[in-house]
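First comes the structure, then the notes that go with it.
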Amino acid sequence: MDDKLIKLHNKVFKPYLGESQILEAVDKMAAKIANDYKDEVPIFVGVLNGAFMFVSDFLKAYQHPCEVSFVRLSSYQGLTSTGIVETLLDVPENIEGRSVIILEDVIDTGRTLKKLVHLFSQTNVKEFKIASLFYKSEVYNGEYAIDYVGLEIPDTFIVGYGLDYNELGRNLREVYQLNQTHMINLVLFGKPGAGKGTQAGFLKEKYNLKHISTGDVFRYNIKNGTELGKLAQSYMDKGDLVPDEVTIDMLKDEVEKNPQAAGFIFDGFPRTAAQAEALDNFLESKGMQVDATIALEADDDVLVNRLLERGKDSGRPDDQDESKIRNRFDEYNQKTAPLRAYYEKQGKFHSVNGIGEITEITERLGEVIDVLS
Ligand code: AMP
C-alpha cells in the first residue's frame with residue numbers, strides 16, 4: 001500500500017489499514033467462527049451498506065456450509081431520544097431455530113447494534129452472535145457482548161472497504177482515515193429539543209470530533225449515583241440550570257480526558273455568560289479556540305411537542321411536564337440567548353434552520369463547518 005492521500009468530497013484521507021492486513025483479520029474471524037459453527041449451518045446476516053465487502057471476503061474464507069442474508073438500517077427521519085436508526089430491510093425469513101451471526105463492518109457507540117439486537121430479539125433464533133470487522137472500544141457503550149472482533153481501532157473516522165464518507169469511498173480496497181490538519185471546535189447552540197444531540201451524533205462522525213453533551217454527562221452521573229449527580233439532580237429535575245462552578249469544572253474535566261481529540265462539539269455548553277468566558281479562557285490556555293457557534297433555530301411550540309414526544313420513551317422527568325419545559329426555555333431566554341451577541345462580536349455566530357428532515361439539517365450545518373479554515 002502506498003502513502004497516497006486521497007480526497008473524497010471536500011476531505012483528505014490518509015492510508016490506515018492495508019488490504020492484506022484487513023484480509024488477514026477477516027480470515028482469522030472466519031477460522032474462529034468456523035471452529036464454533038462447522039457442525040451446523042449458520043446464517044450470516046450482513047448489515048448493509050457498509051458490510052458488503054466484508055461479507056464477501058468473509059464468505060470466501062468460510063469454507064463450510066452456511067447461508068447468507070442482509071439487513072439494512074438507515075438514519076431515522078424524525079426525532080427520537082433512544083436512537084436514530086430505522087429498518088429498511090427487515091430480518092430474513094426462516095431463521096427460527098437457527099444460529100444467526102451478524103456481520104457488521106464497524107461498531108462504535110453501539111447505537112446501530114441496539115437496533116439490531118432489538119430486531120432479532122423478536123425472533124425465535126437458536127443463537128444470536130455479533131461479529132464486527134472493526135471495533136472502536138473507546139466509544140462503545142458496552143451494552144451487549146461482541147462475540148467476534150477483527151481489528152480494534154481508535155475512535156477515528158474511517159472510509160474504504162465498504163465504509164463511506166457521504167457515500168464515496170466504499171470501493172476502496174484499503175481503509176483510510178481522515179487526515180485532519182487542524183482542530184475544529186464547535187458550539188451547538190439552541191433551545192432544548194432543537195436537535196443538538198441528534199446533529200452532534202452525525203457531525204462527530206463526519207468531522208471526527210469528540211461530542212461533549214453536558215446534559216448527558218450530568219445524566220450519566222445521576223444514573224451512577226455520584227456526588228456530582230446528586231448535586232445536579234435537584235436543578236435538572238426542575239429544569240433549572242446547574243450552577244456554573246460545577247458545570248465549568250465538569251466540562252474542563254471532559255476536555256482534559258480527551259487529549260488526542262481532533263476537536264470537540266460542545267452540546268449544551270456554554271449556557272451562561274460566565275460559562276462562555278470560562279470556555280474561551282480555558283481553550284486559550286490550551287492553544288485552542290471555539291471556531292464556530294451554530295444555532296439550530298426552531299419555534300417554541302414545535303420544540304415543546306418534540307420534547308413531550310421524547311419524554312414518552314426517554315423517561316427524562318424534565319421532558320414530561322410542559323411547565324418544566326417552559327422553565328427550561330425561560331432559563332434559555334434569560335441566560336443563554338444573550339450569548340448570541342457574545343459570539344456575534346467575535347464573528348463566530350451562525351444560524352441554521354432546525355426544522356426539516358434530519359439529513360437536510362446535517363447538510364445545512366455542514367455548509368457552515370466546511371468553510372471554516
Ligand atoms: P440538556 O440535556 O442539554 O437539555 O440538559 C439537561 C439539563 O442539564 C439542563 O436543563 C440543566 O439542568 C443541566 N445542564 C446541562 N448543561 C448545562 C449547562 N451548561 N449549565 C447548567 N446546567 C446545565
Side-chain angles (χ1 to χ4, degrees), residues 79-84 185-201 203-204 210-224 226-255 264-283 290 293-298 300 302-340 342-343 354:
L79 192 92
T80 66
S81 57
T82 48
I84 41 157
N185 296 305
L186 304 172
V187 170
L188 277 188
F189 200 73
K191 286 187 180 164
K196 301 187 294 294
T198 304
Q199 290 301 333
L203 297 179
K204 92 181 232 300
K210 177 79 197 160
H211 173 205
I212 301 180
S213 154
T214 41
D216 282 352
V217 180
F218 282 133
R219 280 184 287 278
Y220 177 85
N221 278 278
I222 291 175
K223 200 168 139 203
N224 289 288
T226 67
E227 284 308 309
L228 177 64
K230 283 178 202 150
L231 195 94
Q233 182 153 27
S234 58
Y235 298 97
M236 288 180 72
D237 283 352
K238 282 184 277 178
D240 291 342
L241 291 188
V242 177
D244 280 340
E245 320 79 79
V246 178
T247 312
I248 291 169
D249 281 350
M250 181 188 87
L251 190 279
K252 288 182 182 172
D253 266 3
E254 291 296 312
V255 173
F264 292 89
I265 301 175
F266 300 107
D267 158 11
F269 188 97
R271 265 172 151 114
T272 64
Q275 290 180 14
E277 281 162 26
L279 181 64
D280 274 352
N281 293 335
F282 173 63
L283 291 181
V290 169
T293 292
I294 315 179
L296 284 168
E297 313 275 7
D300 282 10
V302 175
L303 296 178
V304 171
N305 285 333
R306 277 189 190 175
L307 289 170
L308 288 170
E309 270 308 303
R310 182 171 82 178
K312 285 184 194 161
D313 25 275
S314 74
R316 279 180 59 171
D318 59 346
D319 279 349
Q320 291 173 3
D321 175 338
E322 184 161 343
S323 68
K324 288 180 187 170
I325 293 175
R326 298 269 177 203
N327 184 42
R328 284 153 72 200
F329 289 177
D330 289 345
E331 287 278 73
Y332 179 91
N333 289 332
Q334 279 172 34
K335 297 175 183 162
T336 312
L339 296 186
R340 181 185 188 114
Y342 178 89
Y343 286 111

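One-based numbering, in listed order, for ligands and for the atoms of each. If you read the sequence from its start, that first residue is 1, and numbering goes on from there.
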Please indicate whether any nitrogen or oxygen in [X] is less than 3.5 Å from any nitrogen or oxygen in ligand 1.
X    : answer
G268 : yes
D216 : no
T214 : yes
Q275 : yes
S213 : no
L241 : no

Any heavy-atom pair between the side chains of [Y] and [X] that's under 4.5 Å?
X    : Y    : result
T247 : F218 : yes
D249 : D253 : no
E254 : K210 : no
V304 : R326 : yes
F264 : L251 : no
P192 : I325 : no

Discussion item. Ignoring hydrogens, what is the shortest heavy-atom contact between K191 and K196? Give both atom names and the distance.
Written reply: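 Answer, listing the atom of K191 first, then K196: O-NZ, 3.3 Å.
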Worksheet item: Of R316, R328, K191, K238, which has the heavy atom at the shortest distance from atom 6 (C) of ligand 1?
Response: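 The nearest heavy atom belongs to R316.
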Worksheet item: According to the interplanar angle, ranging from 0 to 90°, do the rings of F266 and F269 count as parallel (below 30°), tilted (30 to 60°) or perpendicular (above 60°)?
Response: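 Ring orientation of F266 relative to F269: tilted.
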Item to complete: Would you mind running through ligand 1 and noting each atom that sits below 4.0 Å from a heavy atom of R219?
Response: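 Contacts of ligand 1 toward R219, numbered from 1: 2 (O), 6 (C).
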Residue-level breakdown please: for [X] versus ligand 1, do any non-hydrogen atoms fall below 4.0 Å on the side chain, on the backbone, on both, or on neither?
X    : value
V242 : both
E331 : neither
D244 : neither
Q233 : neither
K196 : neither

Which residue and non-hydrogen atom of the protein lie closest to [atom], and at what distance in Å?
atom                    : value
atom 15 (C) of ligand 1 : R271 NH1, 3.1 Å
atom 7 (C) of ligand 1  : M236 CE, 3.6 Å
atom 11 (C) of ligand 1 : D240 O, 3.5 Å
atom 23 (C) of ligand 1 : F218 CE1, 3.8 Å

Worksheet item: Is K230 salt-bridged to E227, cutoff N-O under 4.0 Å?
Response: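 Salt bridge: yes.
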Discussion item. I need the single residue from R306, R328, K312 that forms a side chain to side chain donor-acceptor pair (under 3.5 Å) with D319. Which is it?
Written reply: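 Answer after filtering R306, R328, K312: R328.
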Worksheet item: Is the closest side-chain donor-acceptor distance between S323 and D321 under 3.5 Å?
Response: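 The criterion, which ignores hydrogens and geometry beyond distance, is satisfied for D321 and S323.
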